[in-house]
Amino acid sequence: MVVPSKTPDRKLIFGRGTLERLTERIRGSPEITAVFLNVERMAAATKKELEAAWGVQVFDRFTVVLHVFRCHARTKEARLQVALAELPLLRCPLPTQGSVPVPHGHVLPSPEPTHFHARSHLKSDVAHLGGRGGDSRHIMGSGESFLQVQQRLLKDKEVKIRKALDRLRRKRLLLGQQRRRREFPVVAVVGYTNCGKTTLIKALTGDATIQPRDQLFATLDVTAHAGRLPSQVTVIYMDTIGFLSQLPHSLVESFSATMEDVSHSDLIVHVRDVSHPETELQKASVLSALRALRPPRPLLDRVVEVANKVDLVPGYRPAEPGAVAVSALLGLGLEALKARLDGAVLRAAGRRVLTLRVGLTGPQLSWLHQEATVQAVDVRPEAGVADVKVIISDSAYGRFRKLFPG
């Protein structure tokens, strides 16, 4: 249903007439067991009033997206980021039993899974401090009210989560520095949720262990996958969390550390689901989110756009100049995409194609195999030399000239 609403942070989000019509519709429909309001966040008082009026649980965008995130959080970092994002919900007053009246014929859904268990632990912690039930007005001997203790525990919890995330962030930065020292170019693959990023990376790398899923936010962690370009240069594809339009600000903030890998990449590949009816709006959302990350301007200027799922749009031709049309699932257009990535990565990573003459008895050829990408070796035994065609970074070439002058 589409109905007019007021500011969502006010206690009464609907006008009296609209609220009465909605209440009559919801209470008169036993099949309605929950209501979703397409607003970013509801005030706690709004949620309480609406649930009391309608007799069912009421969800906003923040709660629904957070629940999806929690279901897909598999690594320690993802779970910590979800825990950080749900703290605003825990800061709301704890609900009391029977706060939502249930009309005849309705079965009230189970408590919101995104934070029910965390609330239970919090209530147990407070009760343990007072040596009595969690509903006591003051904690025994502390002079603090239940609400004050609750807020203090949540503040301590936030500090611990942020410290743990900071440790993981430093570890990730260290791993990134190690990749750069080994001079592996990094390609960040971004896109709207469920656009086919993971499927594309699987197609580009041939990694059979990658298992794409047809789900929103199936990827909540940045994962790295090695692949080779036609030039034989090894690159690291970074599979990132999917974007979403109007993603609640606190969720963006909680997961911003994960997206830092995008800003530190050499090239960004923007995957689009061109079969989606709102593909243009999705593109605008992704580009807006990318700009919010404030990556280096040259990185934004050389984004490679990939039009995915063209097999679902017969006769599709990209309207954007430079976009590459593919079907990651069927393997269509992958060779053209690899060729495009090859040139873009070499330019972005500051690599050049050179033919170097080296002696057959010296260590130069072995060094080039270790520090560069050797494409061809033309041996001239009569002269005791070889012409070696390599792809080499500027820094590695500088080291080569210093180690082997002349």
Side-chain angles (χ1 to χ4, degrees), residues 72 74-75 77-78 172-173 175-213 217-243 255 257-273 286 289-290 293 295-296 299-300 302-309 322-351 373 391 393:
H72 293 162
R74 287 171 173 80
T75 66
E77 185 172 22
R172 189 172 59 250
L173 289 176
L175 292 174
Q177 290 169 0
Q178 291 174 349
R179 283 196 297 266
R180 285 188 286 276
R181 278 200 296 270
R182 297 185 66 181
E183 297 186 334
F184 290 140
V186 176
V187 179
V189 183
V190 305
Y192 205 84
T193 183
N194 209 31
C195 68
K197 299 184 300 299
T198 305
T199 304
L200 179 63
I201 292 176
K202 181 176 183 177
L204 290 172
T205 62
D207 187 348
T209 64
I210 301 175
Q211 296 299 325
R213 285 169 290 157
F217 300 109
T219 300
L220 271 193
D221 308 279
V222 173
T223 56
H225 309 273
R228 282 189 181 273
L229 297 175
S231 62
Q232 298 306 306
V233 170
T234 298
V235 298
I236 304 297
Y237 293 102
M238 305 297 291
D239 193 1
T240 63
I241 180 175
F243 291 88
F255 282 82
T258 300
M259 299 306 296
E260 286 179 355
D261 289 285
V262 175
S263 297
H264 296 147
S265 64
D266 296 292
L267 183 70
I268 296 175
V269 172
H270 174 200
V271 184
R272 294 178 56 195
D273 176 3
V286 171
L290 281 178
L293 293 173
L299 186 60
L300 275 180
R302 56 176 179 257
V303 172
V304 175
E305 183 168 309
V306 177
N308 191 26
K309 305 187 184 182
V324 183
V326 306
S327 169
L329 187 63
L330 301 183
L332 303 176
L334 291 183
E335 295 307 314
L337 176 59
K338 290 178 181 178
R340 173 75 185 281
L341 293 177
D342 212 354
V345 165
L346 293 182
R347 289 190 298 271
R351 302 200 173 200
T373 301
I391 297 176
S393 68

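In what follows, every heavy atom counts, from backbone to side chain, and hydrogens, waters and symmetry copies are set aside.
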Gln232: side chain to side chain contact (heavy atoms under 4.5 Å, CB included) partners, not counting sequence neighbours = Arg228, Thr373
request  = Measure the shortest side-chain to side-chain distance between Val187 and Leu204 over non-hydrogen atoms and say whether it is less than 4.5 angstrom.
outcome  = no
request  = Report yes if the side chains of Leu341 and Tyr237 come closer than 4.5 Å at any heavy-atom pair, otherwise no.
outcome  = yes
query = Would you say Thr240's side chain and Val189's backbone share a donor-acceptor pair under 3.5 angstrom?
reply = yes
key: Leu267 side chain near Arg302 side chain, heavy-atom distance below 4.5 Å   = yes
key: Leu229 versus Lys338, closest heavy-atom pair with distance   = CD2-O, 4.4 Å
message = Run the side chain to side chain donor-acceptor pair (under 3.5 Å) test against His270 and tell me which residues pass, sequence neighbours left out.
response = none
Heavy-atom closest contact (Val324 atom, Gly333 atom, distance) = CG1-O, 4.2 Å
ask   = In Å, rounded to the nearest 0.5 Å, how long is the span from CG of Asn308 to SG of Cys195?
value = 7.0 Å
note = Sorted by chain and number, sequence neighbours left out, side chain to side chain donor-acceptor pair (under 3.5 Å) with Ser327 holds for Asp311
query = What residues form a side chain to side chain contact (heavy atoms under 4.5 Å, CB included) with Leu300, not counting sequence neighbours?
reply = Leu290, Arg291, Pro295, Arg297
remark   = Of all heavy-atom pairs linking Ser265 and Leu299, the shortest is O-CD1, 3.7 Å
task = Return each pair, listed once, that meets side chain to side chain donor-acceptor pair (under 3.5 Å) where at least one residue sits in residues 200-210; pairs must be two or more places apart or across chains.
result = Asp207-Thr209
inquiry  = Which heavy atom of Ala348 sits nearest to which heavy atom of Asp266, and what is that distance?
reply    = CB-O, 3.2 Å
ask   = Does Lys309 pair with Asp273 as a salt bridge, N-O distance under 4.0 Å?
value = yes
note = Nearest heavy-atom approach of Val286 to Tyr192 is CG2-N, 3.5 Å
task = Give the minimum heavy-atom separation between Val190 and Lys197, together with the two atoms involved.
result = C-CD, 3.4 Å
Pairwise distance CG(Asp239) to OG1(Thr198) - rounded to 0.5 angstrom = 3.5 Å
note = Residue set satisfying salt bridge (Lys or Arg N to Asp or Glu O under 4.0 Å) with Asp342, at least two apart, ordered chain then number -> none
note = Ala203 meets the side chain to side chain contact (heavy atoms under 4.5 Å, CB included) criterion, sequence neighbours left out, with Leu334
